[in-house]
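Letters A, B, ... mirror the listed sequences (proteins, then strands); counts begin at 1.
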There are 2 protein chains.
Amino acid sequence: MSIASDLIRGHTETIILANLLEGDSYGYKINKAILQKTGNNFELKEATLYTAFRRLEEAGSIYSYWGDENTGARRRYYSITTAGKAEYQKLRDEWGTAKDLIDKLTEIGGQGNE
Amino acid sequence: MSIASDLIRGHTETIILANLLEGDSYGYKINKAILQKTGNNFELKEATLYTAFRRLEEAGSIYSYWGDENTGARRRYYSITTAGKAEYQKLRDEWGTAKDLIDKLTEIGGQGNE
DNA sequence: ATATATACCTTGACAGGCGAGGTATGTTGT
DNA sequence: ACAACATACCTCGCCTGTCAAGGTATATAT
């Protein structure tokens, strides 16, 4: 049931941004949310997740701050910026275009009519 | 209008196999077919195309033979094998699964209901 | 003590896409 | 004759995102 990583590649950032649109969150929780949303079929690998956070933060799409938990492990929270919201919209639009293109190019017959 | 290469990654082989299901063809022609199908919005880069042919041939999904043109540049034709047809079906199924997953994970609200 | 869950992080390898370059044939324009 | 372009193939080396493997630290349960 696991999904090929090449099919996810390029969507990691969109997935994270979509998650943060629902409110600030942190790495571990975001990954658990993904697991739950997909009925335990898919989760991002930690290394993938954290490198994506770095990219998004460097690009100005998100910013981070340490939580002030006084118990348990410390958490680094992420928040989506205005630029991040615009980036999300752009990526979603691109996904819509790409989806149609891939459907068209990989179906038998080639362009929707035999 | 150009599509991000990370969104195409992992689909190159499916696109080629889909094309070969319509009959034997060769690199240059396949790429022109893709261009035409997408209304000049997308084409595979040559380096991408030819490395994909190598992978597919090594995997036994396609085989190749030289055309016997007695004029113009020589052409290497590719033909899909039985294994290749099965591989195509597998990749299409995975695409269906991945598409649903990505839609679910990147939409606002997260799982289709607010 | 040991295991498990929570929570973070980095390093190095790997694989696919692609820019840049190369080869060769045939046609069309000047 | 020569240039330019279309057809048609190919390889090398870089770049980027993923991920296995390893590490750190806190809290709870057995």
Asks: Rounded to the nearest angstrom, tell me the gap between atom NE2 in B:His11 and atom P in C:dG17.
Replies: 10 Å

Asks: Report the relative orientation of the aromatic rings in A:Tyr77 and A:Tyr26; use parallel for angles under 30°, tilted for 30 to 60°, perpendicular for over 60°.
Replies: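 The rings of A:Tyr77 and A:Tyr26 stand perpendicular, inter-plane angle above 60°.
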
Asks: Answer yes or no: side-chain N or O of B:Arg9 and base N or O of C:dG16 forming a donor-acceptor pair under 3.5 Å.
Replies: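 Flag set: donor-acceptor pair detected.
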
Asks: Using only modelled atom types and a 3.5 angstrom limit, is any donor from either the side chain of A:Glu46 or the base of C:dC9 paired with an acceptor on the other?
Replies: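 Indeed there is one.
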
Asks: A:Glu43 CD to C:dA5 C1': how many Å, rounded?
Replies: 14 Å

Asks: Roughly, in whole Å, what's the span from CZ in A:Arg74 to P in D:dA27?
Replies: 12 Å

Asks: Rounded to whole angstrom units, what separation is found between the CZ atom of B:Arg76 and the P atom of C:dA24?
Replies: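 So the two atoms are 17 Å apart, to the nearest Å.
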
Asks: So A:His11 and A:Trp95, would you call those rings parallel, tilted or perpendicular, with 30° and 60° as cut-offs?
Replies: perpendicular

Asks: Does the distance from a Lys or Arg side-chain N to an Asp or Glu carboxylate O, for A:Glu22 and A:Lys37, drop under 4.0 Å?
Replies: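 Salt bridge present between A:Glu22 and A:Lys37.
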
Asks: Using only heavy-atom distances, decide whether a donor-acceptor pair under 3.5 angstrom links the side-chain of A:Arg75 to the base of C:dT6.
Replies: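 Absent.
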
Asks: Can you tell me how far P of C:dG19 sits from CG of B:Leu44, to the nearest Å?
Replies: 12 Å

Asks: Can you measure A:Ile30 atom CD1 to C:dT6 atom P for me and round it to whole angstrom units?
Replies: 16 Å

Asks: List for me each residue that meets salt bridge (Lys or Arg N to Asp or Glu O under 4.0 Å) alongside B:Lys45, sequence neighbours excluded, and say none if there are none.
Replies: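 Checked B:Lys45 against salt bridge (Lys or Arg N to Asp or Glu O under 4.0 Å); zero matches.
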
Asks: Within the structure, does a side-chain N or O atom of A:Ser5 lie under 4.0 Å from either OP1 or OP2 of D:dC19?
Replies: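 Yes, such a contact exists.
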
Asks: Contacts to DNA chain D from residues 47-65 of chain B, heavy-atom cutoff under 4.0 Å, which residues?
Replies: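 When residues 47-65 of chain B is checked for heavy atoms under 4.0 Å from DNA chain D, the hits, listed by number, are B:Ala47, B:Tyr50, B:Arg54.
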
Asks: Evaluate whether atom CG of A:Asp93 has more than 12 neighbouring non-hydrogen atoms of other residues, nucleotides or ligands under 6.0 angstrom away.
Replies: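 Result for CG/A:Asp93: enclosed.
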
Asks: Regarding A:Arg92 and A:Thr14, do their side chains bring together a donor and an acceptor under 3.5 Å, going by distance alone?
Replies: no

Asks: May I ask you to say whether A:Glu87 pairs ionically with A:Lys90, meaning some side-chain N is under 4.0 Å from a carboxylate O?
Replies: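 Salt bridge flag = yes for A:Lys90 with A:Glu87.
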
Asks: For B:Leu35 and D:dA8, what is the distance between atoms CG and P respectively, to the nearest whole Å?
Replies: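 These atoms are roughly 14 Å apart.
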
Asks: Let me know, please, whether B:Asp6 or B:Gly27 comes out on the 5' side of the other along DNA chain D by nearest nucleotide.
Replies: B:Gly27

Asks: Would you mind reading off the distance between A:Asn31 atom CG and C:dC8 atom C1', rounded to a whole angstrom?
Replies: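 Distance, rounded to whole Å: 13 Å.
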
